[in-house]
Amino acid sequence: MFIAAGYAEHVPTHRFSRAGGFPYWTAGCLLHGSLHFNSRGLSVVSRSPQIAIVRPDTPYDVSFAGGRRWSEYFVLFDARPNWHRWLDWPEVLPGFMVLPPLGPADTRRIVRAFKEIYQLYRSAPLDKEQWASNATEKLLLLANTHNPRAAQGRLDERVRAAMQHAIHHSDQPLTVEQLADVAHVSASHLAHLFRDQVGQPPMKFVEAQRLRHAQELLLSTDLPVAAIAQRVGFENPYHFSTRFRKRFGRSPRLYRRQPSQ
């Protein structure tokens, strides 16, 4: 359940203390500066950009540790039962968990996810808490793709490289050979790794990413089905509709009208 979200900019002399902790989970995205995070007599320095979560009832205080300014996004939430499997991050202090350093592109995606939650929380549409809650779930799913303790964190680096390329280029023509080039292995070896670790061939994974993107476009745009098919990498609109119906049980047009049937 979503509780609150915020964006904060502080002067270097600012200090925040929560002796009893929050009764909720806290997710934070440190954008600028470095912070001392202190809990139960232990301390660690957080350096931006850093993505972290704090377990409920974790006592802590935070103070400036360096840089020209201190800014962050934060989200407070009460985890739904199915969210807990996404909250087992590497723990640097008891109750304080962080993701490993991310590349610039992946950092930008997570920052955008935090910003989306904050904007939804500040907006005034009906059911904004539900919208923000769904956006929080999206954030946790996105963060979990970079969690080394998650299942995908234990994937072979070559598989992970191919998967990331497929996710970020699902709108482009892709072949097993192209994914294998990204992973620096042969096509046959990549297919073997995918079947062993992902449970499906590489091109099945690519198709799943394309159809998931198509779901989003059907619900968030008025683009014609043929245009969506082309945008998500299907050259033939009929083939797209056939594959979409097979995966989701109804045609793209019916899905657009009745997404939750």
Task: Check: Ser123 side chain, Leu120 main-chain N or O, donor-acceptor pair, under 3.5 Å - done: yes
- [ ] Classify the angle between the aromatic ring planes of His189 and His192 as parallel (below 30°), tilted (30 to 60°) or perpendicular (above 60°).
- [x] parallel
Open item on the list: Looking at every heavy atom in both Asn147 and Pro90, which two are closest together, and how far apart are they?
Closed with: OD1-CD, 3.4 Å
- [ ] Anything under 30° is parallel, anything over 60° is perpendicular, the rest tilted; go ahead and classify Tyr60 against Phe37.
- [x] parallel
Open item on the list: Could you walk me through whether Phe234 and Leu211 satisfy the side chain to side chain contact (heavy atoms under 4.5 Å, CB included) test, starting with their C-alpha distance in whole Å, then the side-chain angles of each, then the deciding distance to 0.1 Å, before giving a yes or no?
Closed with: CA-CA 10 Å; Phe234 284 86; Leu211 294 176; 4.1 Å; yes
- [ ] Examine Leu219 and Val232 and state if one hydrophobic cluster contains both, with Ile, Leu, Val, Met, Phe, Trp and Tyr joined whenever side-chain heavy atoms are less than 4.5 Å apart.
- [x] yes
Task: Member of Leu140, Ile53, Val54, Thr136 meeting the side chain to side chain contact (heavy atoms under 4.5 Å, CB included) criterion with Trp25 - done: Ile53
- [ ] Check the surroundings of atom CZ in Arg55: do more than 12 heavy atoms from other residues, nucleotides or ligands lie under 6.0 Å from it?
- [x] yes
Open item on the list: Any non-hydrogen side-chain atom of Val225 less than 4.5 Å from a side-chain atom of Phe240?
Closed with: yes
TODO: Go through Phe64 and Thr13 one step at a time and tell me if the side chain to side chain contact (heavy atoms under 4.5 Å, CB included) criterion holds.
DONE: CA-CA 7 Å; Phe64 196 67; Thr13 56; over 6 Å; no
Open item on the list: Testing the basics here: between Thr175 and Gln178, what is the closest heavy-atom pair and its distance to 0.1 Å?
Closed with: N-OE1, 2.8 Å
TODO: Could you label the plane-to-plane angle of the Phe16 and His14 rings as parallel, tilted or perpendicular, counting under 30° as parallel and over 60° as perpendicular?
DONE: parallel
Task: Any donor-acceptor pair under 3.5 Å from Asp78 side chain to Ile3 backbone - done: no
Task: Joint cluster assignment, Trp70 & Phe74, ILVMFWY side-chain distance < 4.5 Å - done: no
Task: Student check: side-chain heavy atoms of Pro59 and Arg40 closer than 4.5 Å - done: yes
Task: Transitive ILVMFWY side-chain link Phe205 to Val182, under 4.5 Å - done: no
Open item on the list: I need the minimum non-hydrogen distance between Met203 and Leu174, along with the two atoms involved.
Closed with: CE-O, 3.3 Å
- [ ] Decide side chain to side chain contact (heavy atoms under 4.5 Å, CB included) for Gln164 and Asp106; before the verdict, give the C-alpha distance in whole Å, the side-chain angles of both, and the deciding distance to 0.1 Å.
- [x] CA-CA 10 Å; Gln164 289 296 317; Asp106 291 324; 4.2 Å; yes
Task: Cluster check Val92, Val45: I/L/V/M/F/W/Y, side chain < 4.5 angstrom - done: no
Open item on the list: Just so I know, are the side chains of Cys29 and Lys115 near enough to count as touching, which here means a heavy-atom distance under 4.5 Å?
Closed with: no
TODO: Tell me, with the steps shown, if Arg212 and Gln215 meet side chain to side chain donor-acceptor pair (under 3.5 Å).
DONE: CA-CA 5 Å; Arg212 186 173 296 114; Gln215 275 184 294; 5.2 Å; no
- [ ] May I ask you to check whether over 12 heavy atoms, not counting those of Glu235, lie within 6.0 Å of atom CD?
- [x] no
- [ ] Identify the heavy atoms of Ala143 and Ile110 that sit nearest to each other, and give their distance.
- [x] CA-CD1, 4.2 Å
- [ ] Mind checking the CD1-CG spacing from Ile228 to Asp171? Nearest 0.5 Å is all I need.
- [x] 13.5 Å
Task: Atom pair CH2/CZ of Trp89 and Arg149 - distance to nearest 0.5 Å - done: 12.5 Å
Task: Spatial distance of atom CD (Glu72) from atom CG (Leu30) [nearest 0.5 Å] - done: 6.5 Å
- [ ] Please examine the side chains of Gln209 and Met163, heavy atoms only from C-beta on, and report whether any two atoms are closer than 4.5 Å.
- [x] no
Open item on the list: Would you say that more than 12 heavy atoms from the other residues, nucleotides or ligands in this model lie under 6.0 Å from the OH of Tyr24, or not?
Closed with: no
TODO: Give me the one residue out of Phe114, Trp86, Phe77 that meets side chain to side chain contact (heavy atoms under 4.5 Å, CB included) with Leu139.
DONE: Phe114
- [ ] Please test Val206 against Arg210 for side chain to side chain contact (heavy atoms under 4.5 Å, CB included), starting from the C-alpha separation and ending with a verdict.
- [x] CA-CA 6 Å; Val206 170; Arg210 288 173 171 165; 3.6 Å; yes
TODO: Would you name the heavy atoms of Ala229 and Pro237 that are closest together and state the gap between them?
DONE: CB-CA, 4.0 Å
Open item on the list: Quick check against the 3.5 Å criterion: does Arg256 have a side-chain atom that pairs as donor or acceptor with the backbone of Leu218?
Closed with: yes
Open item on the list: Can you confirm whether more than 12 heavy atoms, excluding those of Arg47, are under 6.0 Å from its CZ atom?
Closed with: no
- [ ] With the side chain counted from C-beta on, respond yes when Ser241 and Pro252 share a heavy-atom pair under 4.5 Å apart, and no when they do not.
- [x] yes
Open item on the list: I'd like to know if the side chain of Glu91 reaches the main chain of Gly95, judged simply by a donor and an acceptor atom lying under 3.5 Å from each other, with no hydrogens or angles considered.
Closed with: yes
TODO: Look at atom CG of Asp196 and say whether more than 12 heavy atoms of other residues, nucleotides or ligands are closer to it than 6.0 Å.
DONE: yes
- [ ] For Arg245, look at atom CZ and say whether over 12 heavy atoms of other residues, nucleotides or ligands are found less than 6.0 Å away.
- [x] yes
TODO: Output yes when Arg160 and Glu157 qualify as a salt bridge under the 4.0 Å nitrogen-oxygen rule, no when they do not.
DONE: yes
TODO: Begin with the C-alpha distance, continue with both residues' side-chain angles, and end with the deciding distance and a verdict on side chain to side chain donor-acceptor pair (under 3.5 Å) for His36 and Ser63.
DONE: CA-CA 5 Å; His36 289 293; Ser63 58; 5.2 Å; no
- [ ] Looking only at non-hydrogen atoms, find the nearest pair between Pro94 and Thr58 and report the distance.
- [x] O-CG2, 3.7 Å
Task: Exercise: do His32 and Ser71 side chains pair donor with acceptor under 3.5 Å - done: yes
Task: Residues Glu207 and Arg247 bridged, charged N to O under 4.0 Å - done: no
